[in-house]
Amino acid sequence: MFDLIVVGGGSGGVRAARIAAQYGASVALIESYRLGGTCVIRGCVPKKLMVYASRFASEFEAAKGFGWTVGENHFDWGLLKVNRDAEVARLEAIYRRNLENAGVVIHQGHARIIDQFTVAIDSATTLQGKTILIATGAQAVNDLSVQGYELCIDSNAFFEMERQPRRVLVHGAGYIALELASVFRHLGTEVQVVYRGEKVLRGFDDELRTHLESELRLTGLKLMPDTGISQIRKDSDSLRVELSNGDASEVDCVLKAIGRKPNTDGLGLETIGITLDRHGAIPVNTYSQTVIPNIYAVGDVTNRVNLTPMAIREGEEQALARYPALDVYSTHFRTMKATLSGQPSKTFMKLLVDRASDRLLGFHALGPDTGEMVQLMGVALQMKVTKSALDATLAVHPTAAEELVTMRQPTRRYALA
Ligand code: FAD
């Protein structure tokens, strides 16, 4: 009997298996597809490589304002895919090596839980474990009300595409939808984004959403809010998409990205007494423990990840309930690089401060290189940094990040009456 059986070799499962084994536990890990899971194989990592690839187009354009004559540029989707797949395979091999070096026994196959201590692999082998960890992740959801929705591709299929489509319709406006739509757009594909809501990125800071929409439109992306898909039909070698507003589009590809649902189908959870919540997720307590004391679950399968930042408009209201007086500092500016390149794009930054304690409660940023800033501001937030400490910090000049320590006057002040 193993001390621990881990089901799913993605971000959550691999780490748990490796750390437990390094502490001396006997560990088995079962993965049905490829080690590394969504993040490494068909999520964060290949996506970021695609984002890097897509940015060169605007860099070439920007270079002209700095005196460069840029020649005939040609983008080769097939070559990028080959190089990207090789990098993903390299990372997968590292994951495998690290697990094996830690002593984890890796099984390839689809796992199903038979009872509290037993897991079957492809109905062929069974393993016994004192503790079981479920880390099976999530997958793209379907809109069952739309006829022809099976003609859509999901983000997994996006990474399998051998050729760049000329015209794409993206259904959804969450972060995955927008990132993939932007990759296509920057690489020259005509892209329309169709979504039910009034604005993109539901759950994020309201000002940031508005700013992002105008930045996306500047790239030529066609945003279609308050719109649904009524029907999708195959028309010789293209797809005809009928929209709820009566319009129709001919495209080469429809990418569905309207949400993700936990991978719990066929895991056998109901039979062992674990009732899923209404999203199909595994309910757990703060220790990631299910109702069965030796069975735990982590990651997307628990549907707990909440990207909702603190200072969305509603969040500001929620924050006011806890902090009766709040100050908001925000700025929109063109980066120095954008001046000579003539690019109209602007960077946005915002700080949310509790007036009573002077503590920083939230930080938002959108624009080139801001992803790197967010990590460090996360540390500052975790350490309960005050606004005065930001004010007292020497600005590193000339950078975009210096705005964070030079915003002196609140843009808005809130107080509970
Ligand atoms: P996963 O990584 O999905 O791993 C689950 C594993 O379980 C899979 O390998 C699967 O094959 C396996 N499995 C499922 N069922 C079984 C079974 N019955 N038996 C055996 N194995 C099974 N997050 C970020 O933080 N930043 C990003 O930039 C980012 N970009 C993303 C882009 C895309 C396109 C997508 C789809 C996701 C992105 N994410 C990003 C989200 C991130 O990938 C997930 O939150 C993370 O991978 C979840 O880890 P996990 O361990 O819960 O599940």
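What you see below is based on every heavy atom in this structure, not just the backbone, and it leaves out hydrogens, waters and symmetry mates. Both ligands and their constituent atoms are indexed starting at 1 by order of listing. If you read the sequence from its start, that first residue is 1, and numbering goes on from there.
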Just to be sure I read this right, does ligand 1 sit under 4.0 Å from the backbone of [X], its side chain, both, or neither, counting only heavy atoms?
X: Leu267; value: side chain
X: Ser155; value: side chain
X: Arg112; value: neither
X: Asp300; value: both
X: Phe158; value: neither

With a 4.0 Å cut-off on N to O distance, would you call Asp226 and Arg196 a salt bridge?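 Between Arg196 and Asp226 there is no salt bridge, as every charged N stays at least 4.0 Å from the carboxylate O atoms.
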
Presence of salt bridge, Glu150 and Lys234, under 4.0 angstrom: no

Of the listed options [options], closest to [atom] (non-hydrogen atoms):
atom: atom 42 (C) of ligand 1; options: Cys44, Ala177, Ala16; answer: Cys44
atom: atom 20 (C) of ligand 1; options: Gly266, Pro262, Ser32; answer: Ser32
atom: atom 27 (C) of ligand 1; options: Gln108, Lys47, Glu179; answer: Lys47
atom: atom 49 (O) of ligand 1; options: Ser11, Gly37, Ala257; answer: Ser11

If the condition is side chain to side chain contact (heavy atoms under 4.5 Å, CB included), which residues does Thr386 pass it with, not counting sequence neighbours?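 Thr386 satisfies side chain to side chain contact (heavy atoms under 4.5 Å, CB included) with Asp358, Ser388, Ala389 only.
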
Check side chain to side chain contact (heavy atoms under 4.5 Å, CB included) between Val119 and all other residues, then give those that pass, not counting sequence neighbours.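 Val119 satisfies side chain to side chain contact (heavy atoms under 4.5 Å, CB included) with Ile5, Val7, Ile30, Ala111, Ile113, Ile132 only.
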
Return the minimal non-hydrogen interatomic distance between [X] and [Y], and the atom names on each side.
X: Val170; Y: Ala181; answer: CG2-CB, 3.9 Å
X: Ala20; Y: Leu4; answer: CB-CD2, 3.7 Å
X: Asp3; Y: Ala25; answer: OD2-CA, 3.4 Å
X: Tyr149; Y: Lys256; answer: OH-CB, 3.2 Å

Heavy-atom contacts with [X] under 4.0 Å: which atoms of ligand 1 show up? List them by number with element.
X: Gly299; result: 52 (O)
X: Ile30; result: 20 (C), 21 (N)
X: Gly12; result: 51 (O)
X: Gly109; result: 19 (N), 20 (C)
X: Ala111; result: 17 (C), 18 (N), 19 (N), 20 (C)

Do Glu270 and Thr275 meet the criterion of a side-chain donor-acceptor pair at a distance under 3.5 Å?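 Checked: Glu270/Thr275 side chains show no N/O donor-acceptor pair below 3.5 Å.
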
Using a cut-off of 6.0 Å, state whether more than 12 heavy atoms not belonging to Asp369 lie near its atom CG. no

Does [X] reach ligand 1 with a nitrogen or oxygen that is under 3.5 Å from one of the ligand's nitrogen or oxygen atoms?
X: Ile176; result: no
X: Asn263; result: no
X: Gly43; result: no

Find out whether Tyr195 and Thr227 are in side-chain contact, i.e. whether some heavy atom of one side chain is under 4.5 Å from a heavy atom of the other.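 Side chain of Tyr195 against side chain of Thr227, heavy atoms only: no contact under 4.5 Å found.
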
